[in-house]
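For reference, the structure discussed in these notes is given below.
This is a predicted model, so every value here is computed, not measured. Position 1 is the first residue of the sequence; numbering continues from there.
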Amino acid sequence: ASSYGVPSEWDNALFPIYAPVPFFNPVPENVIAVNVTDGASTGGIDFQLRPGSFNDIINDVPKKEISVPEQFVVQQNYPNPFNPTTRITFSLPQSSFVSIDIFDALGRHVSSLVNQNTPAGQHDVSWNGVDGNGRSVSAGLYFARVKAMGEVRVIKMLYVK
């Protein structure tokens, strides 16, 4: 671990992180294990790293494919009706400035959840039923307005108590 920028006194505590179960082989019988911090012989290590470098281990891990959506989409919040929290999911085909605002049934602005540049991909935003001043809102119908890429989407949300 110390060769990766971690102080050597942390090696023993961090070693399980660097050698998870899929990345080691049992030590054959009659082999002397070596302490990783000072090189002294010890009988307390019951595995050895496979031959190769740390990068070989990392590079053997399958890469997750990241898919970029084809269009701007806002999904219905979940759960709906909700109490106390709901999640709004939206997808962007390209990076865009995004704003998400909550309005009550009379069209009054309740809260702003997002107001920033956002990268392409799928994103989740939670709303916990509070207004912009941190006060809990009353039960009722609310609207989430999501603006991105020059387009606007609105979803209805029902808050129950």
*Evaluate side-chain contact (heavy atoms from CB on, under 4.5 Å) for Ser136 paired with Tyr159, printing each intermediate quantity in order.*
CA-CA 11 Å; Ser136 183; Tyr159 182 47; 3.8 Å; yes
*May I have the step-by-step check of side-chain hydrogen bond (donor to acceptor under 3.5 Å, both in side chains) for Asn77 and Thr86, ending in yes or no?*
CA-CA 6 Å; Asn77 64 302; Thr86 190; 2.9 Å; yes
*Can you list the steps and then say if Ile88 with Gln76 is a side-chain contact (heavy atoms from CB on, under 4.5 Å)?*
CA-CA 7 Å; Ile88 301 164; Gln76 184 62 50; over 6 Å; no
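Contact annotation: the side chain of Leu113 approaches that of Ser111 to within less than 4.5 Å [non-hydrogen atoms, C-beta and beyond]. Residues Leu158 and Asn80 form a side-chain contact, since some pair of their non-hydrogen atoms from C-beta on lies under 4.5 Å apart. Looking at Asn128 and Pro84, their side chains never come closer than 4.5 Å, going by heavy atoms from C-beta outward. Under the 4.5 Å side-chain criterion, counting only non-hydrogen atoms from C-beta, Val130 is not in contact with Val137. Between Thr89 and Gln122 the shortest side-chain heavy-atom distance falls below 4.5 Å.
Evaluation of the side chain to side chain contact (heavy atoms under 4.5 Å, CB included) rule for Pro93 yields Phe72, Met149 as partners, not counting sequence neighbours. Partners of Phe103 under the ring-ring contact (aromatic ring centres under 6.0 Å, His included) rule, at least two apart in sequence or in another chain, are His109.
Heavy-atom minimum distance, Val98 versus Val114: O-CG1, 3.5 Å. Ile155 approaches Gln75 most closely through the heavy-atom pair CD1-O, 3.8 Å. When all heavy atoms are compared, the tightest approach of Lys161 to Asn83 is CA-ND2, 3.5 Å. Across all non-hydrogen atoms, the minimal contact from Pro69 to Leu92 is CG-O, 3.2 Å.
Judged by distance alone, the side chain of Asn115 and the main-chain N or O of Ile100 form no donor-acceptor pair under 3.5 Å. Ser96 places no side-chain N or O within 3.5 Å of a backbone atom of Gln94 that could act as its donor or acceptor partner.
For the residue pair Ser112 and Asp101, a side-chain donor N or O sits within less than 3.5 Å of a side-chain acceptor on the partner.
Judged as a ring pair (Phe, Tyr, Trp, His ring centres under 6.0 Å), the pairs with a partner in residues 129-153 (not counting sequence neighbours) are, in order, Trp127-Tyr142. Contacts classified as salt bridge (Lys or Arg N to Asp or Glu O under 4.0 Å) and involving residues 107-122 (residues at least two apart or in different chains) are given here: Asp104-Arg108. Note on residues 128-138: pairs passing salt bridge (Lys or Arg N to Asp or Glu O under 4.0 Å), not counting sequence neighbours, are Asp131-Arg135. Among pairs with a residue in residues 70-96, those fulfilling salt bridge (Lys or Arg N to Asp or Glu O under 4.0 Å) read Arg87-Asp124, at least two apart in sequence or across chains.
Counting heavy-atom neighbours within 6.0 Å of Tyr78 OH, excluding the residue itself, gives a total of 12 or less.
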